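What you see is a predicted model, and the numbers here were worked out from it, not measured in a lab. Chain letters run A, B, ... following the sequence lines, proteins first and then strands; every chain starts at 1.
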Amino acid sequence: MKTKAIAKANKNTFYISTPLYYPSGAWHLGHSYTTVCCDAIARFKRLNGYDVFYLTGTDEHGQKIADKAKENSKSPKEFVDGLTDNIKELWSVLDIQYDKFIRTTDDYHIASVQKIFDTLYKQGDIYKGNYAGKYCTPCESFFSLAQLKEGKCPDCSREVKDFEEECYFFKLSKYQEKIEILLKSGEFLLPDFRAKEMINNFIKGGLSDLAVSRASVDWGVKVPFDTKHTVYVWIDALSNYINALGYNGDNKGMDKFWGGEVVHMVGKEIVRFHTIIWPAILMALGLPLPKTVFGHGWLLLEGDKMSKSKGNTADPFYLIDKYGVDAVRYYLLREIQFGNDGVYSLEAFLTRINTDLVNTLGNLTKRTIAMVKQYFGNTQFIGYGSQLMTTEDNVLIENINLLFSKVEKHMNKLNCSLALEEIFELVSAANKYIDVTMPWVLNKNGEKGRLHIVLYNLLEVIRVSANLLLPFIPDGTKRIFECLNLNLPADFHDAKFNRDTKYEDMKDEILYKRIDIKKELEN
RNA sequence: CGCGGGGUGGAGCAAUAGGUAGCUUGCCGGGCUCAUAACCCGGAGGUUGGAGGUUCGAGUCCUUCCCCCGCAACCA
């Protein structure tokens, strides 16, 4: 009893978050990309024995939202409600297993934001001052001096006029040195070249204090002790990561997860806020810092033409509906190079699905099970002795056994595309193994013992590969285990060659239907 | 000289601390027949953006130029 409790307490925790998405327009494939990456990582960690907390949500305040709502003749809340429902629906069809969905309009979040603001003010990290800048009357927009283009409005190039507004500042400058050390540590911000970018662009020029409230914005959290001010995005949106864990509330999640391994997955455009402002706020609050902020690249769409004229073929809902959830997940996880931008095209998407999911994985599963049924009937089909083993067998088995550690290594670096590459290398090797061993010849020659070994080895490749593919393509892998007539693994303990797996009554179904790419591209 | 990333066979990408330029996809040819026109093998295709330089030897280091992209207070 006692040991069990200790074991549980010692279980490693893993906390991963997506950014809070900004509900100002339609959700696109880019949002799906980040969320699917996090989902695959979260699932991998769960299967790998970690106690995982996966957070996503929406950042619903700000002037832009208020404006958009007005355009749509809705109240801000009505407007974001609709988009939030919509994104939850998207996560549902993408089979995203998040543990919590936080909205910055949630009561507990608002309360905590106010508490944080109040605390920082009382301890002197926030002070009242004046925010000076420029205002473009026709555009109704404020700009800092740095934003101006040749002294004029960056949007319309007209004259701007001075304006000054009372607001609250966060003493960001105070944390300059600590942030610099953090960024230079080489572990906090990945990929490493982004850290260089931050240091050269922002740290070197010196950090100035940060305006953290706006009097001109109404749609947001009110400064508790001065309600004509609204808390600006920094403290509002960034603090979600701790508020979701019960910070300033029951604190349960904080105790459990915040001190452990914490990973923020963010788009490269918000790396700055997560690696300079956010750690400074945490330092001010006396809280530990996240272990890693990963700034991923962007999924660039091939211009707007395609999306407008053809019913938006890059719309995640459309793609999932038409080609299945695995297709979209697999494409996003596999095709986009780690940390870099990738370009989406329908053709590349469809090609990827056909070559990997259909031809390599689906076909291997089908042909293997079909052979077992043809040559041995649907009777029980289990392990064997070692007397008939060949070099090919041993190499294949060794590769099966090496797979987990290879995949784990890449996943520890959050690199889903390389992890998938490793798995598909084994699956491809199995297709080649079939050609080398020629089971149909073995059958013809009546070499049943040898035939048995070959087919059994193939089934093991499929089983172990499917086990490791669980985090990435949950739908297809579930069907593979149904075809193999095995229980869905709850972890990776059996992700290795096993001599005694009991295979019987299997089904040789088509896992992924082949797509006629030419035809699809014409439509 | 604002900062950063990148320019490699048709396309998308690789090349540990300099040493015969690889992979995937596509194309052409062959093989096999268990399988979803799937699988396996072979081939064609690159003077690695341009020009100099260092070196026995450079995609990989140095100089210079050209081009694309991102960032510069919130588009994932």
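Within the nucleic acid shown, A/Pro19 comes within 4.0 Å of sugar-phosphate atoms alone, with no base atom in reach, counting heavy atoms only. Across all strands, A/Ile277 comes closer than 4.0 Å to no nucleic acid atom at all (heavy-atom distances). Note on A/Ser208: a base of the nucleic acid sits closer than 4.0 angstrom, heavy atoms only.
Taking atom P in both B/A17 and B/C62, the straight-line distance is 14 Å, to the nearest Å. Rounded to whole Å, the separation between the C1' atoms of B/U48 and B/G12 comes to 16 Å. Spacing between B/A14 and B/A72 at atom P, rounded to whole Å, works out to 25 Å. Of the C1' atoms belonging to B/A21 and B/U60, the separation is 11 Å, rounded to the nearest Å. The C1' atoms of B/G9 and B/G26 are separated by 12 Å, rounded to the nearest whole Å. Rounded to whole Å, the separation between the P atoms of B/G5 and B/C61 comes to 13 Å. Between B/G7 and B/G59, the two P atoms lie 15 Å apart (nearest whole Å). Comparing B/G10 with B/C71, their P atoms sit 30 Å apart, to the nearest whole Å.
Put simply, CD on A/Glu421 is 12 Å from C1' on B/G12, counting in whole angstrom units. In this structure, the CD1 atom of A/Ile270 is 12 Å from the P atom of B/C74, given to the nearest Å. Here B/C23 presents its C1' atom at 13 Å from CD of A/Glu335, a figure rounded to the nearest Å. Remark: C1' of B/C27 and NZ of A/Lys518 are 12 Å apart, rounded to the nearest angstrom. In this entry the distance linking CD of A/Gln63 with C1' of B/A73 reads 16 Å, nearest Å. The nearest whole Å value for the distance from the CE atom in A/Met438 to the C1' atom in B/G31 is 11 Å. Between the C1' atom of B/U24 and the OH atom of A/Tyr331 lies a distance of 14 Å, rounded to the nearest Å. Atom pair A/Ile276:CD1 and B/A73:P shows a separation of 12 Å (rounding to whole Å applied).
Shown here, B/U47 forms no base pair; nothing in the strands shown gives a Watson-Crick or G-U wobble contact with both key distances under 3.5 Å. Under the Watson-Crick or G-U wobble criterion, with both distances below 3.5 Å, B/C39 is paired with B/G31. Using Watson-Crick or G-U wobble geometry with both donor-acceptor distances under 3.5 Å, B/A21 finds no partner in any strand shown. In a base pair of the Watson-Crick type (N1 to N3 plus N6-O4 or O6-N4) or a G-U wobble (N1-O2 and O6-N3), with each distance short of 3.5 Å, B/A73 is matched with no nucleotide.
Between A/Phe381 and A/His452, a ring centre-to-centre spacing shorter than 6.0 Å is recorded. You'll find the ring centres of A/Tyr241 and A/Tyr15 outside the 6.0 Å limit. Between A/Phe170 and A/Trp234, the distance separating the two ring centers is not shorter than 6.0 angstrom. Centroid-to-centroid, the aromatic rings of A/Tyr232 and A/His61 stay 6.0 Å apart or farther. In this structure, A/Phe294 has its ring center at least 6.0 angstrom away from the ring center of A/His264. Less than 6.0 angstrom separates the ring centroid of A/Trp27 from the ring centroid of A/His31.
Heavy-atom nearest nucleotides on RNA chain B were determined for A/Asp59 and for A/Lys444, and the one closer to the 5' end corresponds to A/Lys444. Where A/Val441 and A/Asp356 meet RNA chain B, the nucleotide closest to each residue was compared, and A/Asp356 sits on the side nearer the 5' end.
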(request) Could you run through nucleotides 34-41 of chain B and give me one letter per nucleotide, 5' to 3': B if any protein heavy atom sits under 4.0 Å from the base, S if only the sugar-phosphate is that close, - if neither? (result) BBB-SBSS
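Between the side chains of A/Asp209 and A/Ser173, at least one donor N or O lies within less than 3.5 Å of an accepting N or O. Using a 3.5 Å distance cut-off with no hydrogens or angles, the side chains of A/Asn240 and A/Arg103 do not pair a donor with an acceptor. A donor-acceptor pair shorter than 3.5 Å can be found between the side chains of A/Tyr330 and A/Asp356.
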Quick one: which protein N/O atoms are closer than 3.5 Å to N/O atoms of nucleotides 3-5 of chain B? Pair and distance per line, please.
unit_1 : atom_1 : unit_2   : atom_2 : d
B/C3   : O3'    : A/Asn200 : ND2    : 3.4
B/C3   : O2'    : A/Asn201 : OD1    : 3.2
B/G4   : OP1    : A/Asn200 : ND2    : 3.3
B/G4   : O2'    : A/Glu197 : OE1    : 2.8
B/G5   : OP1    : A/Lys196 : NZ     : 3.4

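In this structure, the separation between OG1 on A/Thr368 and CG on A/Leu458 is 4.5 Å, given to the nearest 0.5 Å.
Stacking of A/Lys70 on the aromatic ring of A/Phe79 is not recorded, the 6.0 Å distance cut-off and the 45° axial limit not both being met.
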